[in-house]
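Whatever order the structure lists them in is the order used to number ligands and atoms, beginning at 1. Position 1 is the first residue of the sequence, and the numbers go up from there.
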Amino acid sequence: MKLRRSVLYVPGNKPRALEKSLGLAADCVVYDLEDSVGPGDKWQARENVIQTLSLGNPRRQERIVRVNGLQSEWCEQDIAAVRSSAADGVLLPKIEAAEDVDAYRQLLGDEASQHTPLWIMAETAAGILNMQQITIADPAIAVILLGLEDLALETRIRHTPDRNGFLYAMSASVMAARASGLDIIDGVYPAFRDSAGFMAECREAVTLGFDGKSLIHPSQVDLCNQCFTPDEDETRRAEQLLAVWDQNRRQGQSVVVFDGRMVEHLHVKEARRVLALATAARSEP
Ligand code: COA
Ligand code: MG
């Protein structure tokens, strides 16, 4: 099982942050050439990111590069740089239709486009509404990242602690991801010094079905991993459920009762997923 609990953005124009990223426990790192890098820094950022990717990967992170938008003057060279780098994938911003993904694929070229996993940003109204058609159209898409900051700007949805205004976008993205067998990552929590608020948002993301959360600061990494990893209690319950299931199955029953609740085959699948996640988390470097 691939862990994608914590996805840390690292601005390409911040050498200290790039260096620091190599030692962090984030499952995935997104080296950013887009929103966090100003126009005057784009070239240097690209060089920095390529250099960082060449340094090796001591913590076996999944390393992704976020390129600039199709209409920008930087996109083509960003893609060329990713193609010849050691990146594990490319993150495409503001995807609104299957044609947008095709356009990036053409820039990647036939060969690279076959073996470069695509991550896409769901961060516009059209992107959210079209997400299912987009993900079904392209088997190279591996992950959807939600971008609620851009979405707020476009839609005028206000940020509130309960995130009520974003519920539709969050749930629609989870549905699109599951319908295509993809991972889905929640947006960032910008108030990075507020760990209580951050953890509340992580727990909400778990409840809504997300696999992980986008992060902006190293202090968020451990808290995020903790929230998206089954705790001891959840792991023990999954083990007990499987034991009860096996015992009852041997007696020929296909529906059993565990802890006062009905358990069927589907619950067994979920218990196995929980245990696989816990095991993968324990074997992290
Ligand atoms: N990745 C890796 N390291 C990071 C980091 C990140 N995203 N953000 C901060 N750091 C490092 C700093 O370089 C600093 O390292 P040092 O102490 O070894 O010198 C350390 O963490 C502490 O940083 P701090 O001083 O607390 O943060 P800051 O005030 O300098 O910066 C932000 C705060 C939010 C501006 C910064 O964290 C950032 O740029 N985050 C990413 C933003 C981004 O990518 N946005 C696009 C997606 S929405
Ligand atoms: Mg954006």
(request) Please step through side-chain contact (heavy atoms from CB on, under 4.5 Å) for the pair Ile64 and Val29, ending with a clear verdict. (result) CA-CA 6 Å; Ile64 308 300; Val29 176; over 6 Å; no

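Checked against the Mg ion (ligand 2), the N, O or S atom of Asp35 at the shortest distance is OD2. The minimum distance between the Mg ion (ligand 2) and any N, O or S atom of Glu123 involves atom OE1. Within Asp150, the N, O or S atom lying nearest to the Mg ion (ligand 2) carries the name OD2.
Formation of a donor-acceptor pair under 3.5 Å by the Lys20 side chain with backbone atoms of Pro218 is not found in this model. For the pair Ser214 (side chain) and Asp186 (backbone), a donor-acceptor distance under 3.5 Å is present. In this structure a side-chain-to-backbone donor-acceptor pair under 3.5 Å is missing from Gln220 to Leu215.
For Ser36 and Asp32, the side-chain atoms include at least one donor-acceptor pair closer than 3.5 Å. For the residue pair Asp194 / Tyr189, a side-chain donor-acceptor distance below 3.5 Å is found, with atom types taken as modelled.
Using a 4.0 Å heavy-atom criterion, the residues that approach ligand 1 are Leu8, Tyr9, Val10, Pro11, Lys14, Arg16, Ala17, Lys20, Asp32, Ser36, Arg66, Phe192, Arg193, Ile216, His217, Pro218.
Here His267 and Phe258 keep their ring centres 6.0 angstrom or further from each other.
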